[in-house]
Amino acid sequence: MTATPPDGQAGAAGADMLRVEHIAKRFGPVTALVDVNMGVARGEVLGLLGDNGAGKSTLLKILCGFHPPDAGRIFLEGTEIHLRSVDHARSLGIDVVYQDLALINQLSVYHNMFLNRESVRGPLLSNRSMRRQARKRLDDMGIRLESIEVPVGSLSGGQRQAIAVARSVYSATKVLLLDEPLAAMGAKEAALILELIRDIKRRGDVSIIIVAHNYGQVLEICDRVILLQHGEITLDKRSKDTSVQELNDIVIAEYRRALEERERTA
Ligand SMILES: Nc1ncnc2c1ncn2[C@@H]1O[C@H](COP(=O)(O)OP(=O)(O)O)[C@@H](O)[C@H]1O
Ligand SMILES: [Mg+2]
């Protein structure tokens, strides 16, 4: 667990690649995040767990510059940052793969690979070299596609997911945020994504925050897990200090409490 730096100690957050303090977010009457404090170390893989509606996607969307927080501060390598947009976050080395992927179905695989990645693309990258680079990257990552000329919309959900992850793997130089990258995937495709994540982990310089539901997979791939319940972090443990059993028990207990609460108020 990464300790919260004492208040007023400038630069203490520098131990973490990315750190947030007192993040809160509401959508009208809905409180999505209450007072979230967390950090992820350089090269660390952090699992973000929690029930539907717990606030996982909202937290990721704040970290990638999509939503501004109502309150709280964000630090990248110890320096406070004010994210203006997803493009701004990306220019700082923070990239995201959303739950609802941002691929354009009508465009080819290789065009999607370079979409909004101007820094990777460079001003004068021709179609031919884009094709060549896209093919090489996908090959390097073991993503097998017959053609990269076909529109992304013609591929399976798992293949599209793999392309979205591959694209971000190349532009996330500091932090990679993955919102349920294994959802709607076959076993073979999930194994591919897990292998991609292991590759990044071996590089050791990029921090990853991953939202996932399969606790077995999460504990296998993540160094640490945090649990969000109703917009608050209620557990923060190293993977080796917890188990599928413990995580299941917590979630089942929450489910029971919610049922009892409903019966009580019915
Ligand atoms: N754009 C939005 N507008 C209104 N409510 C939202 C919006 N995004 C999320 N919420 C609400 O915020 C809460 C947390 O949602 P979310 O972060 O998507 O949870 P999770 O990803 O953990 O399932 C939910 O109650 C959800 O309905
Ligand atoms: Mg979500």
Side-chain angles (χ1 to χ4, degrees), residues 18 20-40 45-74 83-89 94-103 157-158 160-162 164-165 168 172 175-185 189-190 193-194 197 208-219 221-222 224-237 242 244 247-259 261-262 265:
L18 187 70
V20 302
E21 294 180 1
H22 308 300
I23 291 287
K25 182 73 183 173
R26 302 174 63 97
F27 297 101
V30 177
T31 300
L33 298 171
V34 181
D35 177 23
V36 172
N37 297 279
M38 58 147 256
V40 58
V45 182
L46 177 65
L48 179 55
L49 310 176
D51 217 347
N52 275 334
K56 306 179 298 294
S57 294
T58 302
L59 181 56
L60 255 51
K61 283 177 176 170
I62 288 172
L63 297 178
C64 75
F66 183 82
H67 285 316
D70 296 341
R73 306 169 77 186
I74 306 174
L83 298 173
R84 293 186 299 272
S85 66
V86 175
D87 285 340
H88 179 213
I94 303 171
D95 207 316
V96 64
V97 180
Y98 290 120
Q99 199 167 4
D100 29 49
L101 318 162
L103 295 178
R160 299 211 320 260
Q161 187 72 273
V165 173
S168 294
V175 180
L176 177 60
L177 307 166
L178 300 169
D179 199 351
E180 305 200 26
L182 304 173
M185 278 206 165
E189 288 159 335
I193 301 293
L194 289 170
I197 295 168
I208 303 179
I209 304 179
I210 177 169
V211 176
H213 289 286
N214 180 321
Y215 298 151
Q217 282 172 340
V218 167
L219 291 178
I221 197 118
C222 295
R224 205 175 108 227
V225 293
I226 58 179
L227 178 66
L228 261 183
Q229 293 183 290
H230 310 293
E232 287 181 89
I233 294 177
T234 54
L235 174 138
D236 183 338
K237 280 193 169 178
T242 185
V244 172
L247 296 171
N248 266 327
D249 288 350
I250 293 171
V251 171
I252 289 168
E254 179 187 359
Y255 183 68
R256 285 221 186 89
R257 261 198 308 277
L259 271 184
E261 178 73 20
R262 211 160 59 198
T265 54

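Scope of the values below: all heavy atoms of this structure, side chains included, with no hydrogens, waters or symmetry mates. Counting convention: from 1, in listed order, for ligands and their atoms alike.
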Exercise. In Å, rounded to the nearest 0.5 Å, how long is the span from CD1 of Ile197 to CG of Leu176?
Worked result: 7.5 Å

For this session: Check if Gly50 has a non-hydrogen atom at a distance under 4.0 Å from any atom of ligand 1.
Result: no

Please output the side-chain donor-acceptor pairs of residues 249-259 that fall under 3.5 Å, not counting sequence neighbours, one pair per line with the distance.
| from | atom 1 | to | atom 2 | distance (Å) |
| --- | --- | --- | --- | --- |
| Asp249 | OD1 | Gln245 | NE2 | 3.1 |
| Glu254 | OE1 | Gln229 | NE2 | 2.7 |
| Glu254 | OE2 | His230 | NE2 | 3.0 |

Problem set entry | Atoms in ligand 1 flagged as close to Asn52, the criterion being non-hydrogen separation under 4.0 Å | 23 (O)

Exercise. Between CG of Asp87 and SG of Cys64, what distance do you get to the nearest 0.5 Å?
Worked result: 10.5 Å

Seminar exercise, completed: Counting from 1 in the order shown, the ligand 1 atoms closer than 4.0 Å to a non-hydrogen atom of Asp51 are 22 (O)

Exercise. Where on Val30 is there a heavy atom closer than 4.0 Å to ligand 1, on the side chain, on the backbone, on both, or on neither?
Worked result: side chain

Seminar exercise, completed: side chain to side chain contact (heavy atoms under 4.5 Å, CB included) with Leu182: of His213, Gln217, Gln161, only one passes, and it is Gln217

Seminar exercise, completed: One should read off an interatomic distance between Ile226 CD1 and Leu48 CG, to the nearest 0.5 angstrom, of 5.0 Å

Problem set entry | Those atoms of ligand 1 less than 4.0 Å from some heavy atom in Thr58 | 9 (C), 14 (C), 15 (O), 16 (P), 17 (O)

Exercise. Quick one: does Ser168's side chain have a donor or acceptor within less than 3.5 Å of a partner on Val165's backbone?
Worked result: no

Problem set entry | Numbered atoms of ligand 1 (with element) below 4.0 Å of Ala54, judged on heavy atoms | 19 (O), 20 (P), 22 (O)

Exercise. Closer than 4.0 angstrom: is that true for some heavy atom of Thr31 and an atom of ligand 1?
Worked result: no

Exercise. Does any N/O atom on His67 come nearer than 3.5 Å to any N/O atom on ligand 1?
Worked result: no

Exercise. Would you say ligand 1 has an N or O under 3.5 Å from any N or O of Phe27?
Worked result: no

Seminar exercise, completed: Heavy-atom proximity to atom 14 (C) of ligand 1 ranks first, among Gly28, Gly53, Gly231, for Gly53

For this session: Decide, yes or no, whether a salt bridge links Lys56 with Asp179 under the criterion of side-chain N to carboxylate O below 4.0 Å.
Result: no

Problem set entry | Residue part near ligand 1, for Leu228, under 4.0 Å between non-hydrogen atoms | neither

